[in-house]
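Structure first, commentary second.
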Protein chains: 2
Amino acid sequence: MPATSPDFPARLRAAGLRPTRQRVALARLLFEGGPRHVTAEGLHVEVKASRMPVSLATVYNALNQFRDAGLLREVVVAPGRSYFDTNTGHHHHFFIEPDGELHDFPSDKVTIAGLPTPPKGTRVARVDVIVRVRR
Amino acid sequence: MPATSPDFPARLRAAGLRPTRQRVALARLLFEGGPRHVTAEGLHVEVKASRMPVSLATVYNALNQFRDAGLLREVVVAPGRSYFDTNTGHHHHFFIEPDGELHDFPSDKVTIAGLPTPPKGTRVARVDVIVRVRR
DNA sequence: GCAGTGTTTAGAATAGTTCTAAACTTCTTG
DNA sequence: CAAGAAGTTTAGAACTATTCTAAACACTGC
């Protein structure tokens with residue numbers, strides 16, 4: 001039983017987005033089932049194979065809109081490789097360098113102490129921790 | 001007085017790179033003076049204006065080689081924006097979101113506790129902390 | 001159902017980076 | 001210090017990831 005309602009049209013509407021068929025199809029792929037990390041290309045391949053194909057431009061648009069609406073979080077791990085993470089809660093990442101795999105880990109056990117105060121006139125938006133590992 | 005010798009040909013040779021005029025010119029821009037963060041484009045603009053212009057392809061080649069040789073460290077903060085950092089010691093970054101500015105901060109005061117053990121068969125290569133701040 | 005506005009689409013455009021192959025340096029050896 | 005071998009540079013083409021364009025289409029409110 002998912003923590004959040006599987007009524008995707010309602011969830012999109014709540015986020016201020018019209019529940020078009022394309023967005024609903026993408027939301028289903030993204031949020032049905034466990035948390036995931038996707039790239040635009042990867043999601044496009046998936047949705048192309050589905051009953052409701054969606055153009056690549058729309059996949060990009062939707063991912064950007066979902067991120068802006070707080071439904072997704074963008075994680076940049078390598079140049080020219082942007083992942084979207086359906087887990088928007090506080091957590092950090094393992095990045096497995098050779099294969100480009102990304103794994104979440106919860107941040108509740110992790111404490112970061114001794115961070116300097118941010119530059120004048122700025123406030124902290126987020127702290128990203130990426131643990132890069134190799135085989 | 002720089003901590004490391006300003007004899008760039010020697011430093012390049014020590015890193016296993018032929019000290020060509022182009023690489024020496026780039027090394028001078030990068031390592032003479034304080035630590036810096038550059039993008040390929042930015043460094044290309046700089047070196048084009050110098051006495052020893054260098055093509056963009058060579059700037060890319062040199063940055064990649066310098067990074068592979070451990071002379072530079074690559075920092076990925078935003079999709080399609082790769083910075084090279086002349087500071088290769090242990091430290092982390094502030095990223096000022098609106099203007100894309102990057103600032104170092106030393107890691108000696110920072111402690112990260114409670115990191116989970118890495119996935120089986122892997123070892124930690126590096127832990128990156130990026131503190132994203134907004135105005 | 002019918003506007004009216006927002007969305008989707010294919011394809012072109014753009015940005016950043018890497019590739020190619022010919023010309024040119026640098027290094028080694030005699 | 002000349003000659004050859006090997007590594008490097010270059011302009012431009014190619015490539016990858018992403019965004020833009022403008023015409024067709026679909027969701028919403030009346």
Side-chain angles (χ1 to χ4, degrees), chain A residues 7-29 37-48 50-69 71-72 74-84 100 102, chain B residues 7-29 37-48 50-69 71-72 74-84 100 102:
Chain A
D7 179 352
F8 296 110
R11 284 181 69 187
L12 290 172
R13 231 178 264 113
L17 296 166
R18 276 199 194 173
T20 64
R21 313 195 231 129
Q22 290 86 340
R23 296 212 266 234
V24 172
L26 292 171
R28 216 187 296 282
L29 286 174
H37 298 115
V38 302
T39 60
E41 274 297 343
L43 187 59
H44 183 225
V45 168
E46 262 185 79
V47 80
K48 256 195 311 192
S50 81
R51 207 80 62 74
M52 175 72 224
V54 170
S55 79
L56 181 57
T58 297
V59 172
Y60 273 104
N61 288 341
L63 286 174
N64 289 334
Q65 292 152 352
F66 289 7
R67 177 205 51 215
D68 292 347
L71 265 36
L72 290 177
E74 190 167 8
V75 188
V76 186
V77 282
R81 185 171 237 153
S82 207
Y83 285 91
F84 289 88
L102 200 60
Chain B
D7 179 350
F8 296 111
R11 284 181 69 187
L12 290 172
R13 232 178 262 113
L17 296 165
R18 275 199 194 173
T20 64
R21 313 194 234 132
Q22 291 86 340
R23 297 211 266 235
V24 171
L26 293 170
R28 215 188 296 283
L29 286 174
H37 298 116
V38 302
T39 60
E41 276 296 344
L43 187 59
H44 183 225
V45 168
E46 261 185 80
V47 79
K48 256 195 311 192
S50 80
R51 206 82 61 74
M52 175 72 222
V54 169
S55 79
L56 182 57
T58 298
V59 172
Y60 274 104
N61 288 341
L63 286 173
N64 289 334
Q65 292 153 351
F66 288 8
R67 177 205 50 215
D68 293 348
L71 264 33
L72 289 177
E74 190 167 8
V75 188
V76 185
V77 282
R81 184 170 235 152
S82 209
Y83 285 90
F84 289 88
L102 200 58

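Keep in mind that the numbers below use all heavy atoms, side chains included, and drop hydrogens, waters and symmetry copies.
Taking atom CZ of A:Arg13 as the reference point, atom C1' of D:dG29 lies 13 Å away to the nearest angstrom. With rounding to whole Å, A:Leu43 atom CG is found 15 Å from D:dT18 atom C1'. We find that CD of A:Glu41 is positioned 16 Å from P of D:dC15, with the value rounded to whole Å. Across the protein-nucleic acid pair, A:Leu12 atom CG and C:dT8 atom C1' stand 15 Å apart, rounded to whole Å. In this entry the distance linking CZ of A:Phe84 with C1' of D:dA17 reads 11 Å, nearest Å. Counting to the nearest Å, the P atom of D:dA17 and the OH atom of A:Tyr83 are 11 Å from each other. A:Arg67 has its CZ atom 12 Å from the C1' atom of D:dT19, to the nearest Å. Rounded to whole Å, atom P of D:dG12 lies 12 Å from atom NE2 of B:His44.
Note that CG of B:Leu71 is 6.0 Å distant from CZ of B:Arg11, once rounded to the nearest 0.5 Å. A distance of 10.5 Å separates OG1 of B:Thr58 from CG of B:Leu63, quoted to the nearest 0.5 Å. Once rounded to the nearest 0.5 Å, the distance linking CZ of B:Phe84 with CG of B:Leu72 reads 7.0 Å. In this structure, CE on B:Met52 lies 5.0 Å from CZ on B:Arg21, to the nearest 0.5 angstrom. Atom OG in B:Ser82 sits 8.0 Å away from atom CZ in B:Arg67 (nearest 0.5 Å). The CG atom of A:Leu26 lies 11.0 Å from the CZ atom of A:Phe8; values are rounded to the nearest 0.5 Å.
Side chain of B:His44 to backbone of B:Val59: no donor-acceptor contact under 3.5 angstrom is found. Not a single donor-acceptor pair under 3.5 Å links the side chain of A:Arg81 to the backbone N or O of A:Gly100.
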Atom pairs under 3.5 Å: protein N/O with N/O of nucleotides 18-24 of chain C:
unit_1: C:dT18; atom_1: OP2; unit_2: B:Asn64; atom_2: ND2; d: 3.1

Distances for protein N/O vs nucleotides 6-8 of chain D N/O pairs under 3.5 angstrom?
unit_1: D:dG7; atom_1: O4'; unit_2: B:Arg18; atom_2: NH2; d: 3.1
unit_1: D:dT8; atom_1: OP1; unit_2: B:Arg23; atom_2: NH2; d: 2.4

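Of the two residues contacting DNA chain C, namely B:Arg81 and B:Pro19, the nearest-nucleotide position lying further toward the 5' end is that of B:Arg81.
Here A:Pro53 lies in heavy-atom contact (under 4.0 Å) with sugar-phosphate atoms only. Residue B:Pro79 is out of contact with every strand shown, counting any heavy-atom pair closer than 4.0 Å. Within 4.0 Å (heavy atoms only), A:Ser82 reaches sugar-phosphate atoms of the nucleic acid but no base atom.
For residues 51-63 of chain B, the set of pairs meeting the salt bridge (charged side-chain N to carboxylate O under 4.0 Å, His left out) definition, not counting sequence neighbours, is empty.
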